Every structure is written in C-alpha cells, then in structure tokens.
Amino acid sequence: MPITPATATHNPSNGTADAILLELVDEDGVTIGTAEKLAAHQPPGQLHRAFSVFLFDEYGRLLLQQRALGKYHSPGVWSNTCCGHPYPGEAPFAAAARRTFEELGASPSLLAEAGTVRYNHPDPESGLVEQEYNHLFVGMVQAVLRPDPEEVASTAFVTPPELTERHVKDTFSSWFMTVLDAARPAIRELTGTSAGW
C-alpha cells in the first residue's frame, strides 16, 4: 500500500491498532470532523464520507462482490465491486483505488469519478445505519482477481439481465440500488448503450 500522510497512521505494518476513524461531513460534503467507524454507524447514524466503485470487464459486465461472512456490517450480502470509507484527509479517488486492490487483489485499469450521492439506509439485520455522502467511481478491471477472503466471500461478473435475476433471488446491500442508479449515467458512458446499463 502506498504510504501517504493519510494512510501512514493506518498502515498495519506500523504496529498500532488505532481505532478506524471516518471523516464526518455536512450536507455539502464539507469535512466537519471525525468519528470512530462503528460509532458513526450507530442509529441514527452520522453523515460521513464514503465511496463506491463499479468495475466492468471488456464485455461490459459488472463485477459484483459478496461480502465476507465475518464482516460486522452486512455480512454475506452481494454489492457493487468495492465500497468503503476514505481515511480522514485521504482523497476519495485514492481510497477507492487502494481498497479495490486490498479487497480484490487487482487494481483498476481505468478509474473515473462518477459524481456523488447522499443517502440514509438502515440495515435491518445489524441495526446499523448508513448515513453517507458517497463518492462514485466507474472503471475497468482486466487483471486476475485475488480476493482477500476476510473481505470477500465470492465475486461474479454480470450483465444487466443477470443482475436482475440475482437481485430477485440473492440478498443485496441496502445501499446497492441507490449507488447503482446514481452511477448509471457514467456507467453508460463507459460501457456504451449496447451493454444495456
């Protein structure tokens, strides 16, 4: 992992076990402070910065990930390629690229900003709340995936019809459709209209 001022204090190799801090923001996405990760997700939730990544293969199929069963928040559900939170002071683009590699063992061959979306999604299973100002990114992945089993239970590349089928039979994250719909204009620009997104 590249060491930057934002990531240096969170680098596992430095031997510290600091609490993970999230960047709290106002409704315009302006940083107003920090909060410990779990505390920020306790009801009613604190608005914090997050990111969501949507990566596609050369056929225009979306890479989904099933979250590992050991995760404290939304374990075992399917969701977009990668999502997470920048460290305080870390650029969302850098955080998105970093976490994609950490979770999936592959870096995007292309990654572009796709806007932001603000939402409030309670998770009925855990009781936690996603109050997020979410930075969206779309891109391509061409490398072989090597998912971290502590983060990812499974992966799948899907077409729009296959996603519709999965969405009926599988459980997806509470935020998935919100971030997908918000990213659709950029996804269509990336994949072209023939891909069907």
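Fair warning: this is a prediction, and the values are worked out from it, not measured in the lab.
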Which atoms form the tightest heavy-atom contact between [X] and [Y], and what is the distance?
X	Y	value
A182	L136	CB-CD1, 3.5 Å
A143	A106	CB-CB, 3.9 Å
G29	R49	O-NH2, 2.7 Å

Any side-chain heavy atom of [X] sitting closer than 4.5 Å to one from [Y]?
X	Y	result
V129	N120	yes
V77	F172	no
Y87	L21	no
H121	Q131	no
R146	V144	yes

Where at least one partner belongs to residues 65-82, residue pairs that pass salt bridge (charged side-chain N to carboxylate O under 4.0 Å, His left out), sequence neighbours excluded: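 For residues 65-82, and leaving out neighbouring residues, the salt bridge (charged side-chain N to carboxylate O under 4.0 Å, His left out) pairs sorted by first residue read K71-E151.
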Of all residues at least two apart in sequence or in a different chain, which pass the salt bridge (charged side-chain N to carboxylate O under 4.0 Å, His left out) check with [X]?
X	value
D123	none
D181	R184
K37	none
D148	none

Test side chain to side chain contact (heavy atoms under 4.5 Å, CB included) applied to F101 - qualifying residues, sequence neighbours left out: S107
Side chain to side chain contact (heavy atoms under 4.5 Å, CB included) against A35, all qualifying residues, sequence neighbours excluded: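 Listed in chain order: L24, A40, Q46.
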Other ILVMFWY residues reachable from V168 by side-chain steps of under 4.5 Å: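 Listed partners: none, V168 stands alone.
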Under 4.5 Å side-chain linkage, directly or through intermediates, the cluster mates of L104: F51, V53, L55, L63, F93, L111, F137, V141, L145, V152, F157
With sequence neighbours excluded, residues passing side chain to side chain donor-acceptor pair (under 3.5 Å) with Q65: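 With neighbours one apart ignored, the set is E103.
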Hydrophobic cluster identity match, M177 and W78, side-chain contacts under 4.5 Å: yes
Cluster overlap V179 with V25, hydrophobic side-chain contacts below 4.5 Å: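 Looking at the clustering, V25 is in a separate group from V179.
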Side-chain donor-acceptor pair present, H48, E132, cut-off under 3.5 Å: yes
Test: R98 and E102 ion pair at under 4.0 Å: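 Looking at E102 together with R98, the answer is yes, because their closest N to O distance falls below 4.0 Å.
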H135: partners by ring pair (Phe, Tyr, Trp, His ring centres under 6.0 Å), with sequence neighbours left out: Y133
Side-chain donor-acceptor distances from residues 185-192 under 3.5 Å, at least two apart:
unit_1	atom_1	unit_2	atom_2	d
R188	NE	W197	O	3.0
R188	NH2	W197	O	3.2
T191	OG1	I187	O	2.9

Parallel, tilted or perpendicular: ring planes of W175 versus H73, cut at 30 and 60 degrees: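 Ring orientation, 0 to 90° scale: perpendicular.
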